[in-house]
Protein chains: 2
Amino acid sequence: MTFVTQDAEAKGSLKSETTHLDDLTYEGVAPEELPLFRGLPVPRRTDLMRHAMVHSVSAGTVLFEQGDVPNFQLIVLAGSAQLFGRSAEGREVLIEAVRAPDLVIPAAVLTGAPYLMQARVPEPSRFLLIQAGAFRAAVEVEPLLAHAAIGSLAAQFRRMVRQIKNLKLRSSTERVGCYLLALSKRQGTPDRAVLPFEKTLIASELGITRESFSRALSSLGKSGIRVDGQTIEILDAARVAAACAPDPLIDGTDGEGFAI
Amino acid sequence: MTFVTQDAEAKGSLKSETTHLDDLTYEGVAPEELPLFRGLPVPRRTDLMRHAMVHSVSAGTVLFEQGDVPNFQLIVLAGSAQLFGRSAEGREVLIEAVRAPDLVIPAAVLTGAPYLMQARVPEPSRFLLIQAGAFRAAVEVEPLLAHAAIGSLAAQFRRMVRQIKNLKLRSSTERVGCYLLALSKRQGTPDRAVLPFEKTLIASELGITRESFSRALSSLGKSGIRVDGQTIEILDAARVAAACAPDPLIDGTDGEGFAI
DNA sequence: GGCATGCCTTGATTTGGATCAATGCCGGAT
DNA sequence: ATCCGGCATTGATCCAAATCAAGGCATGCC
């Protein structure tokens, strides 16, 4: 089997490329810069690296399918990965986006259980791949690695809990409004939010259809937002907040307590 | 502050009781029987135990509120805890039930971040409480503890992912049908499922109202189930499955790979 | 017994969001 | 420029599930 497959829809001009650790040109995060490896005893690090490689992949690449048994722990060095859930009938929804630097679903790799989600790459990205067995073994014996894994697992768990609360406790318009407020905060622009990907995708992340997302946006127009393509002007954050009841225990992001 | 508060609704005849480790009468799991501690170097274990106690609590007890900063890592020795999400307006939904033996939201304790959920005890239960700081420190340095924490975190993460897929990809009737099938399988009775708690609570776990849950049950009557109070007879599992499209990547439970 | 109280069911109605369908818009290819 | 395919909006309609409302059926208490 191939551990990374080119998506059928991907344009032919883009290609993925594997690099061994020796002949890297670093962009974004270099593996050695990761706190994960900085603190590692040198022999352990070189041992791990012998079971690792860096892989640059193009937009559209499928990293793995749901149901696959993990062969590698993927670490996002640059770019991001999107995790999708798919139903039997083929409907597909975005569950999470994993941004550099982070581990891609350590929960599956560390338990050796089949992936519950498919991973795709929405933009040219670079990953460190560590063979699953070697990674598990290293985490077993190396407290620093265990610490990093725990931090990543915990943060991802909490994101899932937030999402469940969002889905169960709020209406679709509230979800959209709170999403915009959280986004503008994360981007450091209180009066504006730029959507990170296509509206259809965001809609599926929020558990609604693209049409409902569109309507929610226009209905929030009455509460002080203005839509212009991918950027949303937030004219009256207070009114939006009043309409959507944002809640730090749902919309917040834990500070980067643990860094990978 | 008190780390455990008696629920206002709890009947006065029930009481909670704290026990020091010396004068325990063991029922269910004893702390020393946990694989978690069995393998621990003795000095480490005694050190941990000095920051720990066993607490027996009655039904209705609130273990902590959402927003609280964790003071203890709670470990369910006997019984269970239910985790609730609450909206600003006070609507409350069941997010997960944690059954012995397991850790209660290690994600919050290990990151020191505020709980995203409230924990309540639906039945008389026994918990081991380890002071959060001591627990974190022990996990840092003790690979066996780290391993157990990782196993618990990973399993809990995966349950949340399954739940999100369930909510986003299925209709309410499908969720109910698949819930029953999974339940009967878990209980080892292919032709019957006994609901583990009130229907209202299960409905909130499945993201629907109690009325919709009731209607879903009766509409599944046409697919071969029969409702009798808390027990559901499954007359024709195949027809139910056909109607609800169960999926191991949603309804499955990971085998107990990691034991606490 | 009689009467609350809590939980569940069932029916009537409303409504939020999905679905179906048409059109608009933009960027890329030719 | 023109055509095209993918994405987004908007409108019309439908439908699933929520809400509102009324009883039913236990259980426990006085």
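All chains are named by letter (A, B, ...) in the order of the sequence lines, taking the proteins before the strands, and each is independently numbered beginning at 1. In this text the structure is predicted, and so the values were computed from the model without any measurement.
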Exercise for review: Look at the side chain of B:Arg226 and the backbone N and O of B:Glu233, then say whether any donor-acceptor pair between them is shorter than 3.5 Å.
Suggested key: no
Review point. Going by heavy atoms closer than 4.0 Å, what residues in residues 84-93 of chain B are next to DNA chain C?
Key: none
Exercise for review: Please determine, by modelled atom types, if A:Lys168 and A:Gln163 share a side-chain donor-acceptor pair under 3.5 angstrom.
Suggested key: no
Point to revise | Option from A:Leu206, A:Ile232, A:Leu181 for which side-chain contact (heavy atoms from CB on, under 4.5 Å) with A:Val176 holds | key: A:Leu206
Show me the donor-acceptor pairs, under 3.5 Å and distance only, between side chains in residues 237-252 of chain B and residues at least two apart or in other chains.
residue, atom, partner, partner atom, Å
B:Arg239, NH1, B:Asp236, OD2, 2.9
B:Arg239, NH2, B:Lys222, O, 2.8
B:Asp247, OD1, B:Leu249, N, 2.7
B:Asp251, OD1, B:Arg170, NH2, 2.4
B:Asp251, OD2, B:Arg170, NH1, 3.4
B:Asp251, OD2, B:Arg170, NH2, 3.1
B:Asp251, OD2, B:Asp247, N, 2.8

**Study point:** Sequence neighbours excluded - salt bridge (charged side-chain N to carboxylate O under 4.0 Å, His left out) pairs with any residue from residues 186-212 of chain A
**Key:** none
Practice item. Output all residues satisfying side chain to side chain contact (heavy atoms under 4.5 Å, CB included) with B:Pro190, sequence neighbours left out; order by chain, then residue number. Key: none
Check your understanding: Does B:Thr61 use its side chain to pair, donor to acceptor, with the backbone of B:Ala59 at less than 3.5 Å?
Key -> no
Practice item. Spell out, as yes or no, whether a donor-acceptor pair under 3.5 Å connects the side chain of A:Lys165 to the backbone of B:Leu116. Key: yes
Check your understanding: What residues form a salt bridge (Lys or Arg N to Asp or Glu O under 4.0 Å) with A:Glu92, not counting sequence neighbours?
Key -> A:Arg86, A:Arg120
Protein and nucleotides 10-12 of chain C: nitrogen or oxygen contacts under 3.5 angstrom:
residue, atom, partner, partner atom, Å
C:dG11, N7, B:Arg215, NH1, 3.0
C:dG11, O6, B:Arg215, NH2, 3.2
C:dA12, N6, B:Arg215, NH2, 3.2

Exercise for review: Tell me yes or no: between the side chains of A:Gln118 and A:Glu65, is some donor less than 3.5 Å from an acceptor?
Suggested key: yes
Point to revise | Interface with DNA chain D, restricted to residues 193-202 of chain B and to heavy atoms under 4.0 Å | key: none
Practice item. Could you list the residues that satisfy side chain to side chain contact (heavy atoms under 4.5 Å, CB included) with A:Ser171, not counting sequence neighbours? Key: A:Thr173, A:Glu174
Point to revise | Backbone of A:Phe197 reached by a side-chain donor or acceptor of A:Gln230 within 3.5 Å | key: yes
Practice item. Mind calculating the distance between CD1 (B:Ile232) and P (C:dC8) to the nearest angstrom? Key: 11 Å
Check your understanding: Which nucleotide of DNA chain D is the first, and which the last, in the 5' to 3' direction, to come under 4.0 Å of a heavy atom belonging to chain A?
Key -> D:dA8 to D:dA12
Could you give the side-chain donor-acceptor pairs of residues 94-105 of chain A under 3.5 Å, partners two or more places apart or in another chain?
residue, atom, partner, partner atom, Å
A:Glu96, OE2, A:Arg159, NE, 2.2
A:Glu96, OE2, A:Arg159, NH2, 2.7
A:Asp102, OD1, A:Ser152, OG, 2.9

Tabulate below the donor-acceptor pairs under 3.5 Å that side-chain atoms of residues 212-219 of chain B make, not counting sequence neighbours, or state none.
residue, atom, partner, partner atom, Å
B:Ser212, OG, B:Thr209, OG1, 3.1
B:Ser218, OG, B:Arg215, O, 3.1
B:Ser219, OG, B:Ala216, O, 3.4

Point to revise | Of residues 162-174 of chain A, the positions that come close to DNA chain C - non-hydrogen atoms, cut-off under 4.0 Å | key: A:Ser171, A:Ser172
Review point. Judged by atom type as modelled, is there a donor-acceptor pair below 3.5 Å linking the side chain of B:Ser125 to the main-chain atoms of B:Glu123?
Key: yes
Point to revise | Spacing between B:Leu217 atom CG and C:dT9 atom P, to the nearest angstrom | key: 7 Å
